[in-house]
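Please read the structure below before turning to the comments.
Side chains included, hydrogens not; waters and symmetry mates left out as well; all remaining heavy atoms used. Source: prediction; values computed, not measured.
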Amino acid sequence: MRVYVNDRAVDLLPGMTVRHALISAGMLKDLETGKKAYDKWGNETGMDGAVNDGTRIYVRQGSSD
């Protein structure tokens with residue numbers, strides 16, 4: 001299946017998670033610098049969250065709530 005991380009296509013096997021998508025895109029380290037993963041609606045996503053074909057994940061600086 002194909003998911004998108006910051007609009008970059010990443011191919012994953014079914015059953016993989018947000019964490020797997022970020023690893024495949026080489027962006028997991030960005031979370032250590034304070035960035036967070038969000039879905040296409042702007043909701044923060046957990047690393048163990050499921051992904052489906054066409055899922056869009058965006059890594060960006062987290063808000064300072």
Side-chain angles (χ1 to χ4, degrees):
M1 74 180 155
R2 180 164 285 174
V3 301
Y4 299 87
V5 179
N6 287 0
D7 294 324
R8 177 179 162 217
V10 177
D11 292 317
L12 299 175
L13 296 172
M16 292 194 155
T17 64
V18 170
R19 180 181 314 276
H20 295 113
L22 296 179
I23 289 169
S24 293
M27 300 194 75
L28 189 61
K29 288 260 186 202
D30 289 2
L31 300 183
E32 295 172 7
T33 65
K35 293 184 178 181
K36 296 184 178 184
Y38 297 88
D39 64 15
K40 66 182 178 181
W41 297 286
N43 300 308
E44 188 175 347
T45 62
M47 293 297 99
D48 295 327
V51 294
N52 298 306
D53 191 49
T55 295
R56 293 193 176 267
I57 302 166
Y58 297 95
V59 177
R60 63 178 194 263
Q61 192 63 39
S63 63
S64 54
D65 302 2

Under 3.5 Å, side-chain donor or acceptor atoms of residues 43-53 against the rest of the protein: list the pairs with distances, not counting sequence neighbours.
| residue | atom | partner | partner atom | Å |
| --- | --- | --- | --- | --- |
| Asn43 | ND2 | Asp39 | OD2 | 3.4 |
| Thr45 | OG1 | Ala37 | O | 3.3 |
| Asp53 | OD1 | Arg2 | N | 2.8 |

Let me check something: any side-chain donor-acceptor pairs from residues 19-29 under 3.5 Å, sequence neighbours excluded? List them with distances.
| residue | atom | partner | partner atom | Å |
| --- | --- | --- | --- | --- |
| His20 | ND1 | Thr17 | N | 2.9 |
| His20 | ND1 | Thr17 | OG1 | 3.0 |
| Ser24 | OG | His20 | O | 3.1 |

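Clustering ILVMFWY residues whenever any of their side-chain heavy atoms sit less than 4.5 angstrom apart, transitively, puts Val5 in the very cluster that holds Leu13. The cluster map of Ile, Leu, Val, Met, Phe, Trp and Tyr, joined by side-chain heavy atoms under 4.5 Å apart, puts Tyr58 and Leu12 in different clusters.
Partners of Arg60 by side-chain hydrogen bond (donor to acceptor under 3.5 Å, both in side chains), not counting sequence neighbours: none found. Here Arg56 pairs with Asp7 under the salt bridge (Lys or Arg N to Asp or Glu O under 4.0 Å) rule; sequence neighbours left out. Applying the side chain to side chain contact (heavy atoms under 4.5 Å, CB included) test to Lys35 and every residue at least two apart in sequence or in another chain returns Asp30, Thr33, Val59, Gln61.
Taking Ile, Leu, Val, Met, Phe, Trp and Tyr as hydrophobic and joining them when side-chain heavy atoms fall under 4.5 Å apart, one finds Trp41 isolated, its cluster having no other members.
With rounding to the nearest 0.5 Å, the separation of OH in Tyr38 from CD1 in Ile57 is 13.5 Å.
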